[in-house]
Each structure stands twice: as C-alpha cells, then as structure tokens.
Amino acid sequence: MRTLFNQLSPINLAATLCNRFSNSNHLCTSISASPNLPINQIAHIICCVLQECTSFSCLKKTHAKIFAYGLQYDSRILTKFAIMYVSFNRIDAASILFEDIPSPCSFLWNVMIRGFATDGRFLSSLELYSKMMEKGLKPDKFAFPFALKSCAGLSDLQRGKVIHQHLVCCGCSNDLFVDAALVDMYAKCGDIEAARLVFDKMALRDLVSWTSMISGYAHNGYNSETLGFFDLMRGSGVIPNRVSILSVLLACGNLGALRKGEWFHSYVIQTGFEFDILVATAIMDMYSKCGSLDLAHCLFDETAGKDLVCWSAMIASYGIHGHGRKAIDLFDQMVKAGVRPNHVTFTCVLSACSHSGLLEEGKRYFQLMTEEFVIAPKLSNYACMVDLLGRAGHLSEAVDLIENMPVEPDASIWGSLLGACRIHNNLDLAEKIADHLFHLDPVHAGYHVLLSNIYAAKSRWNEVEKVRKMMARRGANKIQGFSLVEYDNQVLKFGVGDISHPQWEKLYAKLEELAAPMKHLGYVPLTDFVLHDIEEESKEAALSYHSERLAIAFGLINTSPGTTLRITKNLRICGDCHNAIKLISKIVNRVILVRDMHRFHRFEHGVCSCGDYW
DNA sequence: CTAGGGTTAG
C-alpha cells in the first residue's frame, strides 16, 4: 500500500483507490496508512475519490478524516463536500459547509439552489437565488428550473415572473428543461394563459411539458380543456404515461364524467401502466366524484398497500356521499392498520361528520386529533368544526371556537359561520360576521349572496338591495350556475333557463309535463326569494329553470327508463330544486344523483340521502 | 446535475 501511494501520481492513485476500495473503511485506512503524504496530495486524492462516491457513510467518514488532517478550510474540498452532501439530499450539512466558504463559486450556488428546492425548502432556495443575483453571479440553466420549481411550490407568481425575466436575460430560455419548468411554474401559480404562451413557443415539447400543461388545466378547473389537451398530446404522437393519466382522471372526477373515467381506467389496464397506489387512488377518487361509491369502494378493497392518502380519499368519499358512520369506521380501521392520520385525514372525517350531522362524533374526533394524535388543527379543520357546530345550531359554540383559535381565522372560517347563520336565520350574528368577512374577501360573490338571503328571509328588502349594490360596487360578480351531464361520451353543460341545446323545447316540455304530478304530490314552488339561495341562478323570470332541472329533463328524455341520472352542479343546490327533485325521483321512478358544490344528493323514491340536512 | 403525480373545509 505504501508503495502505491509513493509511486503513483495523485490522479492515478485515486483511480486505483476507486477501483480497489469501494468502501470508506478501506479509503480511510489507506489514507491513515500514509501519514507522510503531503496534505495537498491527500486533498487531491479525496476530491477524485469523492467523484466516485456512491455511499453516504463513505462520504461522512471521509469528511471526518478531512477534519483530522486539518483541511477544513480548504475551499475546494469544502465545495466538493457540499456538492456531495447535496447529492445525498443532506442539504443541511451542505448548507453548513456553504456558510464556511468565503466566496463560493457559481457552480456551488447553483447546486445549493437546486438542493434546497429538491428538499422542498423553497424559501431558502429563493433566498439563495436572490443573494446570488445580488452578488452579480448568474444562475446557470440547471439552476433556473429549480428556482422556478420553488416559485411553483410557493405559488409565488410574482417571483416566478421576475425569474422568467432573469432567465431570458441570461440567455437560458428556449431550453427544453427551463421552458418546461416555466410552463409548470405558471400552471401551478394559476396563470394558465402564461403557461400556454410559453408552451406554444416551445420548439420541442416532451411528455413532461405536455403533462405540466395538462395538469395545470386540471388543477385550475379547466376540465374539458384538460381532456382536449390530452387528446391533442396523443394526436401529436406523444405517448402518455401514468402521470399524465392522473390529471385526466382528476378532470373526469371534476366533471362527473363517469364513462370517460371508466374508459381511462381500462386504458390504464390495457396499456399496462404500473397500477401503483397513486393511480389506484386517483381512479378511486374519480369513481367517487362521479357518484359511483360502489366502484370506488371495490377498488379500495382490492388495493394492496394502502397509504395515508388512499385511506383519506376513501374516507372523504364516504363523507361527500353522506355516509358519516362509514367514514368514521374506516378511520378507525385505518388507525388499527397502523396508518397515522394527518390533518387532511381529520378534515375528511370532520367534514363527513358535518354532512351527516354527527355532532358528538365530530367533537370527539376533533379532540382525538389534538389530544391523542397531537396534531395542530389547520384552518380546514377549524372550518369543518365551525360548519359542524353551526349547522347543528350551536352558533355560540362555533363563535367561541373561532375566538379561541390560535391562528387568525380567514374568510373561509367566517364564511362557514355565515352559512350556518343562513340555515338558522340568525341575522344579528350574520351582520357582525359580514364585517370581518368583507374586510377579508370583499369580492367573494357567494358570501354577499348568503348575507342577502338572510335579509330576504327576514323580508328586509331594503338591505337585500343594499347588498346587491355593494356587490356591484365591489365588482363581486355572481357566478353563473350550471349543471353538467355526461351523454354519449360528451359532457353537456346546461345554464339557467338555457335554450342553447337543440332539444331545448323538449326539455321544457318535459318539465311542464312533470309539473302536474308534482303538484299532485304536494309540490308548492318556493317562489320566495329566500330559498333561491344560490347566486343569481333564480328569479330570472317565472319561466326560467334552474340548470339541474334542465339537466334532469335531458337525462329523462335521452336515457332508457330506470337509468340512474348523474348531474354535477357548480353551486349549491337550492331548496326549491331539492324539493322538486325528490318528487321527480318518485314520479319517474329513477335514482337521481346530484353532486353539488359540497356533497352528493341521492334522490330515490321521493327522499334524498342527505336527509334534508345540508 | 436537471421533471410532470393521488386525499382536504367553505
């Protein structure tokens, strides 16, 4: 060994060491065996060996050895070590070394920016990026995608735009990876138009860029665009993989497009994509959101190696379908199976309790979360609790909870409470809440509508008008209600009093036809403004029809008797329609599934699965 | 040296 060290040049020596001694002990022993070796030579050897380093423990031991040799202040070695630490995902260790280097080279800055971003420490990554720019150093084309990834992770569109400008200045645009990262950043920050602009300008588009775009559409609510873009991708000769399928499944779920979703399920099987837990969860969730709880549950049972997300998704499914007890049972099973819940799981459970009116159970699980699992409740957990308490009429308890929250309540919390005020027609509380609420979110149309409906319930028409004007002044535009129904591999959309469908006359005639038997069953149209508690979708004219009724009429005309009708609605179903659909289900003897903004309503034999608790 | 992904309240 000693002869080796003395005879070979450092590079050859390093190469020899790499070949012969792949593990750290040998390396360290060899170095220790030659105490007379000049320090710079050892440094050189170690640098070369590190390049071949494949084991973290080897790295750590070598690092310790370096300290023993008193080389810790050599920038070159430190840089090498920092880079190695990053490659082993030990960003903290790398960071400590980085701080010790007087003026780190550009490359190390880039490596650190990448390292932090990869580790999910987006703020640190961007902080470093800014510091690097301040020093007049330019990030390289490998660092930009990571800086953009950090912006995407933080949904920081403003910073993303700035970095976009920088990279153009640095001449790093028109690079496949940089552009793909740009597309992804814009898509994740919700600026889908900007994403599309970059995407369209790309000379070359790989599967990843397509997938980023598709996922951007899906996650920003452009559901039919998602499906369209997927077809476009296939048309352009790019073969999808399981990742791109996930976005498409999401879109199907959002649209309630069961047939399309089923098609993708079989597509996954036919093409032989790996049917891993992510794909299984996505398909399961799609089935559930399309109203097919049975299929979702089947898949859940068949899926081996269920993880937290998979369990949570199934719990959420029971929740939106109104099966609170089953959601709770599943939660208990999950815990028994040794899977530790997180705040999302509890959001699912609490929301399930809320939809099913399981007040005591909800309280118990909230307590379980904080006390037994020691999970700090997030805003979403508080929102569920406020909703649970409020719905059940325990308004003051809900207020207590909000006042004692350790975090600042946001608009959604007050919104929950306002929703409860509407159910219980509590005007005093509603007015107090509205102040907070409109301060936090002045342009939210839904909250204004809620308040206006509470006034209307008390026949306070002047105030109703005031709220209306307030909305106009603030530019809080009402969201148009619509209902979706899948037919013949298409998703059809019906708006309020829609006459755009070729069959529109038939649809209205069908509703007319139903009017008599409905009346016979005791239906009284609730023309009172109060119950048209959804956005503007009502009150247009006596002849206007809510979108879900048109969708139902369409389904009745175009499907064979007995077929379940599935409707997806963007807003909350109104009380009048809820009454009407119950009766329709009885008259036509059909199951009518309506998914509104919050949950499923399964109408059958004149009753709804929500038990009118919604 | 780089990348895209499944669950969540209102």
Side-chain angles (χ1 to χ4, degrees), chain A residues 83 86-87 107 110-111 113-115 117-118 140-149 152 175-181 183-185 187-188 206-216 218-219 240-250 253 274 276-286 288-289 300 303 306-317 319-320 341-355 377-388 390-391 409-420 437 441 444 446-447 450 572 597-599:
Chain A
I83 293 168
V86 171
S87 73
F107 184 70
N110 287 320
V111 169
I113 290 169
R114 276 167 30 202
T118 307
D140 64 13
K141 66 171 188 172
F142 300 112
F144 278 120
F146 288 89
L148 291 168
K149 179 191 168 135
D175 171 272
L176 177 63
F177 288 107
V178 173
D179 288 347
V183 169
D184 199 51
M185 181 278 291
K188 288 230 168 65
D206 63 349
L207 175 63
V208 176
S209 327
W210 278 99
T211 308
S212 288
M213 202 62 227
I214 291 172
S215 141
H219 287 274
N241 67 358
R242 42 179 276 284
V243 180
S244 36
I245 297 287
L246 295 174
S247 293
V248 178
L249 287 166
L250 179 66
E274 193 195 344
D276 62 3
I277 189 72
L278 276 90
V279 172
T281 306
I283 295 176
M284 209 182 84
D285 189 59
M286 176 276 296
S288 149
K289 291 210 168 86
F300 179 77
T303 301
K306 300 186 243 299
D307 66 359
L308 175 64
V309 177
C310 185
W311 283 98
S312 304
M314 195 62 223
I315 292 169
S317 300
I320 55 168
N342 66 2
H343 75 99
V344 177
T345 323
F346 276 105
T347 301
C348 300
V349 174
L350 295 174
S351 136
C353 291
S354 183
H355 286 312
K378 302 256 184 208
L379 281 169
S380 62
N381 302 119
Y382 282 111
C384 289
M385 283 311 285
V386 170
D387 189 56
L388 177 85
R391 240 186 246 275
D410 70 348
S412 74
I413 300 285
W414 295 114
S416 273
L417 192 58
L418 190 65
L437 199 52
D441 191 353
H444 193 293
Y447 298 147
L450 276 176
R572 187 174 174 275
M597 197 183 213
H598 299 304
R599 57 165 299 154

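In this text the structure is predicted, and so the values were computed from the model without any measurement. Order of the sequence lines sets the chain letters (A, B, ...), proteins ahead of strands, with each chain counted from 1.
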Across the strands shown, which category fits [X] at heavy-atom distances under 4.0 angstrom: base, sugar-phosphate, nothing?
{"X": "A383(A)", "answer": "base"}
{"X": "N381(A)", "answer": "nothing"}
{"X": "I315(A)", "answer": "nothing"}
{"X": "N110(A)", "answer": "nothing"}
{"X": "D140(A)", "answer": "nothing"}
{"X": "F346(A)", "answer": "nothing"}
{"X": "K188(A)", "answer": "sugar-phosphate"}
{"X": "R599(A)", "answer": "nothing"}

Enter the distance from S209(A):OG to F177(A):CZ here, rounded to the nearest 0.5 Å.
-> 9.0 Å
Protein-nucleotide distance ([X], atom [atom1]; [N], atom [atom2]), rounded to Å:
{"X": "L249(A)", "N": "dG4(B)", "atom1": "CG", "atom2": "C1'", "value": "15 Å"}
{"X": "L246(A)", "N": "dG5(B)", "atom1": "CG", "atom2": "C1'", "value": "5 Å"}
{"X": "D285(A)", "N": "dG5(B)", "atom1": "CG", "atom2": "P", "value": "16 Å"}
{"X": "L379(A)", "N": "dA9(B)", "atom1": "CG", "atom2": "P", "value": "14 Å"}
{"X": "L308(A)", "N": "dG5(B)", "atom1": "CG", "atom2": "P", "value": "19 Å"}
{"X": "M284(A)", "N": "dT7(B)", "atom1": "CE", "atom2": "C1'", "value": "8 Å"}
{"X": "L250(A)", "N": "dG5(B)", "atom1": "CG", "atom2": "P", "value": "11 Å"}
{"X": "L278(A)", "N": "dG4(B)", "atom1": "CG", "atom2": "C1'", "value": "12 Å"}

For a quick test of reading the model: is some side-chain N or O of [X] closer than 4.0 Å to OP1 or OP2 of [N]?
{"X": "H343(A)", "N": "dT8(B)", "answer": "no"}
{"X": "K289(A)", "N": "dT8(B)", "answer": "yes"}
{"X": "H219(A)", "N": "dG6(B)", "answer": "yes"}

Given D276(A) and R242(A), is the salt bridge (charged side-chain N to carboxylate O under 4.0 Å, His left out) satisfied, shown in steps?
-> CA-CA 9 Å; D276(A) 62 3; R242(A) 42 179 276 284; 2.4 Å; yes
Check: dG4(B) base within 3.5 Å donor-acceptor of S212(A) side chain | no
Answer yes or no: side-chain N or O of D307(A) and base N or O of dG6(B) forming a donor-acceptor pair under 3.5 Å.
->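 A donor-acceptor contact between them is present.
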Under 3.5 Å, is there a donor-acceptor pair linking the side chains of T345(A) and N342(A)?
-> yes
Kindly write out the residues that satisfy side chain to side chain donor-acceptor pair (under 3.5 Å) with S247(A), not counting sequence neighbours, or none if the list is empty.
->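 S247(A) satisfies side chain to side chain donor-acceptor pair (under 3.5 Å) with no other residue.
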Nucleotide nearest [X] when distance is taken to its side chain, options [options]:
{"X": "V243(A)", "options": "dG6(B), dG5(B), dT2(B)", "answer": "dG5(B)"}
{"X": "S312(A)", "options": "dT7(B), dA9(B), dT2(B)", "answer": "dT7(B)"}
{"X": "C348(A)", "options": "dT2(B), dT8(B), dG6(B)", "answer": "dT8(B)"}
{"X": "N241(A)", "options": "dT2(B), dG4(B), dT8(B)", "answer": "dG4(B)"}
{"X": "V309(A)", "options": "dG6(B), dG4(B), dT2(B)", "answer": "dG6(B)"}
{"X": "T347(A)", "options": "dT2(B), dT8(B), dG10(B)", "answer": "dT8(B)"}

K306(A) NZ/CZ over F300(A) ring centroid, <6.0 Å and within 45° of normal =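 Judged by the rule, K306(A) and F300(A) form a cation-pi pair.
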When you look at I245(A) and V279(A), which way does the side-chain contact (heavy atoms from CB on, under 4.5 Å) test go after all the steps?
-> CA-CA 8 Å; I245(A) 297 287; V279(A) 172; 5.6 Å; no
Please list, chain by chain and in numerical order, all residues satisfying salt bridge (charged side-chain N to carboxylate O under 4.0 Å, His left out) with R391(A), sequence neighbours excluded.
-> D387(A)
